[in-house]
Amino acid sequence: MWVRILALLVGGLLLGSCDGIHQPRSSPLQGTDGRTYRFPSDLQGRVVVVSFIYTHCPDICRMTIGHLLDVWDRVGKDTSVVFATITLDPARDTLETLRQYAEVWQLPPERWLLLTGTVADVERVHQAFGVVARKSYTERLPNGEEVYFVDHTDAVFLLDRQGIVRDRREGSTLDAAAYAALVQRYAYAR
Amino acid sequence: MKRLLVILSGALIVLPLLAQQAPRLQFRGGWMYSADSGAVTGAFLTIVNPSNAPDTIVAVRSACAEHAEIHTTIRNSDGTMGMRPIAELVIPAHATVQLRPRSLHLMLYHVQRTLRNGDRCTVFLESKRSGTYQLELVVRR
Ligand SMILES: [Cu+2]
C-alpha cells in the first residue's frame with residue numbers, strides 16, 4: 001500500500017516535471033463510432049493515447065499502429081484508457097476509409113477511435129498538437145490518376161485525465177512495453 | 001604441351017559461360033502489410049547480391065496490385081517523415097540491401113483483393129543484369 005502511494009508520489013513528481021502544461025485546443029471531429037467529438041476535450045476524464053496517421057501511408061504510420069496494438073494488448077483492458085487516431089489526410093480519409101482501415105488492422109472498436117473531419121477542423125487539431133502534415137510530392141500513375149504523398153510528424157501523445165499532454169514521442173519507433181507502463185501510470189493516478 | 005593447350009582452351013570456353021551464369025540475386029523474408037481491396041500497402045524484403053558485379057532493380061510489378069513502385073522513406077530537416085519514388089535500386093556486388101520500414105519499401109497501389117494476415121501475393125522484380133524474379137510475399141498483420 002505505502003509502496004504504491006510512494007510510487008505514485010514519486011511518479012507524480014517525475015511526471016509533473018515534464019515540459020510545461022499544454023492542453024490542446026479542441027475542434028469538432030467525427031469518430032468511427034458514428035459520434036461527433038470536440039477533440040480532445042470530450043475525452044477528458046480518461047487517459048488518451050493520441051496518434052496521427054493516414055491510410056495511404058505504407059510505412060511509418062503502419063509501424064506506429066503496430067506498436068500501438070502491442071500497447072493495447074497490455075493496457076486495453078483498462079476502461080479508463082482510450083486510443084484516438086486522427087488522420088493526417090482528411091481529404092482522402094473519410095469515415096468509411098477509416099472504418100475499413102480499422103477493420104483490416106482489427107483495431108478494437110470499443111475504445112479505439114479513428115477520427116476525421118473537415119480539412120479546416122483536422123488542421124486545427126494538428127496545430128493544437130504541433131503536428132505537421134503537408135502534401136509534398138505528386139505523381140501520375142499509369143492509369144492517369146494523380147496521387148500525392150504527405151510528409152508528416154511522426155509522434156504519439158499521451159493525455160492525462162485533465163486533457164494535458166504528458167508525453168510526446170516518436171510513434172514508428174515506440175517501445176510498446178515502456179509506453180504501456182507510462183500509460184498505466186497515468187491510468188492509476190486517479 | 002598439346003594437352004595443356006587443349007585444357008587451356010577448354011578453360012577459356014568454359015569461363016565466359018560461367019560468367020553468363022553469374023550468381024543471381026537472392027531474396028529473403030518477403031512480407032507485406034495487410035490491406036483492403038483498393039487500398040495502398042507496403043512490401044518489404046531483403047535482396048542479396050552474391051556476385052562480383054552490381055545489379056539494379058529497374059522495375060517492379062505485382063499480381064495483387066494495379067501498380068507498384070520502389071519508394072524510399074525520407075526524413076526532412078524539420079523532422080517530418082515522408083516517402084519518394086526512386087527509379088531504380090542498385091544492389092552493389094557482394095552486398096545486401098534491406099527493404100524495411102523506415103528505409104525502403106515496395107509501394108503497391110490499388111490492391112486488387114483484400115489481403116489479410118497469412119495471404120500471399122506475387123511480386124515481380126526486374127533486374128538490369130539477371131532477368132526478372134518472381135517472389136511470393138506473405139501478408140503479415
Ligand atoms: Cu510508399
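Below, read A as the first sequence line, B as the second, and so on, with proteins coming before strands; counting in each chain starts at 1. Computed over heavy atoms, backbone and side chain alike; hydrogens, waters and symmetry mates excluded.
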Quiz item: Can you check side-chain contact (heavy atoms from CB on, under 4.5 Å) on T80(B) and R134(A), steps first, answer last?
Solution: CA-CA 9 Å; T80(B) 55; R134(A) 60 168 179 270; 3.2 Å; yes

*Does the side-chain contact (heavy atoms from CB on, under 4.5 Å) test come out yes or no for M63(A) and Y33(B), once each step is laid out?*
CA-CA 10 Å; M63(A) 293 182 82; Y33(B) 280 119; 3.6 Å; yes

(Q) For a side-chain contact (heavy atoms from CB on, under 4.5 Å) check, start with the C-alpha distance between Y109(B) and V147(A), then their side-chain angles and the critical distance, and finish with the verdict. (A) CA-CA 10 Å; Y109(B) 288 96; V147(A) 291; 4.0 Å; yes

What do the steps show when you test D59(A) against M83(B) for side-chain contact (heavy atoms from CB on, under 4.5 Å), and what is the final call? CA-CA 9 Å; D59(A) 180 8; M83(B) 61 183 172; 5.8 Å; no

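For the 3.5 Å distance criterion, the side chains of E145(A) and H67(B) fail to qualify, holding no donor opposite an acceptor.
With sequence neighbours excluded, no residue forms a ring pair (Phe, Tyr, Trp, His ring centres under 6.0 Å) with Y37(A).
Top candidate by heavy-atom pairs under 4.5 Å with chain A, chosen from A43(B), P101(B), S103(B), is P101(B). Heavy-atom pairs under 4.5 Å with chain B were tallied for T153(A), D154(A), I60(A), L69(A); the largest tally goes to I60(A).
Looking at M81(B), both its backbone and its side chain come within 4.5 Å of chain A, counting heavy atoms on both sides. For a residue to count as touching a neighbouring chain, one of its non-hydrogen atoms must lie under 4.5 Å from one of that chain's; by this rule T114(B) does not touch chain A. Using a 4.5 Å cut-off between heavy atoms, I74(B) contacts chain A through its side chain alone, with no backbone atom that close. With a 4.5 Å cut-off on non-hydrogen atoms, R116(B) touches chain A through its side chain but not through its backbone. Residue N76(B) touches chain A through its side chain alone, counting heavy-atom pairs closer than 4.5 Å. Interface residue D78(B): only side-chain heavy atoms are found under 4.5 Å from chain A.
Ion pair R102(B)/E170(A) flagged as a salt bridge, since at least one NZ, NE, NH1 or NH2 atom sits closer than 4.0 Å to an Asp/Glu carboxylate oxygen.
The backbone N or O of T41(B) sits nowhere less than 3.5 Å from a side-chain atom of R62(A) that would complete a donor-acceptor pair.
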